[in-house]
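Residue numbers start from 1 in every chain, and the chains themselves are labelled A, B, ... in the order their sequence lines are given, proteins ahead of strands.
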Amino acid sequence: TLRGSEEMDHMSPRLRAFLSEPIGEKDVCWVDGISHELAINLVTKGINKAYILLGQFLLMHKNEAEFQRWLICCCGATECEAQQSSNCLKEWCACFL
Amino acid sequence: MPTTISQKHRDFVADGDLAGTGEVLGKKLEERGFDKAYVVLGQFLVLKKDEDFFWEWLKDTCGANAKQSQDGLGCL
């Protein structure tokens, strides 16, 4: 289901951009919350595309807390980055799955 | 969203119950924690959408044969 324009207004521009079209082959840095430094860490681990991060989120049954823990512990994300990116992926699932 | 996937397919991936398909494969996947179609999709994505890797994973995880792997891939 597509988000109403009112809901989209409360989203950051980055989140809105990410949700505005299918995930395709977007690089991982497109995911809202993924800083440049975190993107480098992720790419080093082979997570260079947004869809791979999405895959990880789905593997964790869309459990945001679990996903955030993994992103922080295994990929060096800050709490803020972890929360923003898990929210972004959650929103993507709501829009496209 | 441009798609040629049927709504039935999308509904399946969104919240499809693998065991509900009645397949032995679905049961085995469920036993290993892959109780929803979107979790299997997650595995496919994490394998960078490589069909060969996915097939190997499916075989290793639940002894799927070639035909079942192909069907699973087709759905995803």
Side-chain angles (χ1 to χ4, degrees), chain A residues 1-5 7-8 16-31 34 39 41-71 74-75 85-86 88-97, chain B residues 1-21 23 25-62 64 68-76:
Chain A
T1 56
L2 291 174
R3 290 303 212 212
S5 61
E7 281 177 306
M8 295 286 271
R16 211 178 312 141
F18 188 74
L19 298 180
S20 65
E21 54 188 22
I23 203 168
E25 295 293 318
K26 287 186 179 132
D27 288 335
V28 73
C29 56
W30 272 81
V31 177
I34 304 296
N41 285 357
L42 289 169
V43 169
T44 308
K45 291 177 169 4
I47 303 171
N48 57 328
K49 296 289 182 186
Y51 73 71
I52 304 173
L53 206 58
L54 170 66
Q56 185 68 30
F57 184 65
L58 297 177
L59 268 182
M60 292 174 161
H61 295 78
K62 301 190 254 179
N63 183 308
E64 287 193 75
E66 199 183 326
F67 178 80
Q68 287 169 25
R69 257 194 310 271
W70 167 80
L71 203 59
C74 301
C75 310
S85 52
S86 74
C88 178
L89 295 173
K90 181 194 75 177
E91 290 292 333
W92 188 93
C93 290
C95 289
F96 290 101
L97 266 194
Chain B
M1 174 177 151
T3 180
T4 55
I5 302 167
S6 70
Q7 186 59 42
K8 184 178 158 185
H9 261 153
R10 288 177 66 186
D11 289 344
F12 174 71
V13 176
D15 206 31
D17 199 5
L18 287 171
T21 64
E23 299 277 350
L25 179 57
K27 252 288 176 234
K28 285 188 183 174
L29 282 168
E30 195 193 60
E31 282 165 13
R32 283 150 182 80
F34 297 86
D35 54 339
K36 296 287 183 187
Y38 70 73
V39 187
V40 179
L41 172 63
Q43 181 66 41
F44 182 60
L45 296 178
V46 158
L47 292 174
K48 305 197 178 186
K49 302 191 240 178
D50 186 305
E51 297 187 6
D52 292 335
F53 283 154
F54 182 75
W55 180 0
E56 286 300 319
W57 170 80
L58 211 51
K59 277 197 301 179
D60 291 344
T61 303
C62 36
Q68 286 171 322
S69 300
Q70 269 171 20
D71 288 346
L73 266 173
C75 184
L76 289 173

Checklist entry - Any side-chain heavy atom of A:Leu42 within less than 4.5 Å of one from A:Leu71? => result yes
Item to check | Heavy-atom side-chain contact between A:Leu53 and A:Phe67 under 4.5 Å | outcome: yes
Only counting residues at least two apart or in another chain, list the ones meeting salt bridge (Lys or Arg N to Asp or Glu O under 4.0 Å) with [X].
X       : answer
B:Lys48 : none
A:Glu66 : none
B:Glu31 : none

Item to check | Sole candidate of A:Arg69, A:Glu91, A:Gln68, A:Lys62 that passes side-chain hydrogen bond (donor to acceptor under 3.5 Å, both in side chains) when paired with A:Ser86 | outcome: A:Gln68
Next on the checklist: Sub-4.5 Å heavy-atom contacts with chain B: which residues of residues 43-52 of chain A show up?
Outcome noted: A:Gly46, A:Asn48, A:Tyr51, A:Ile52
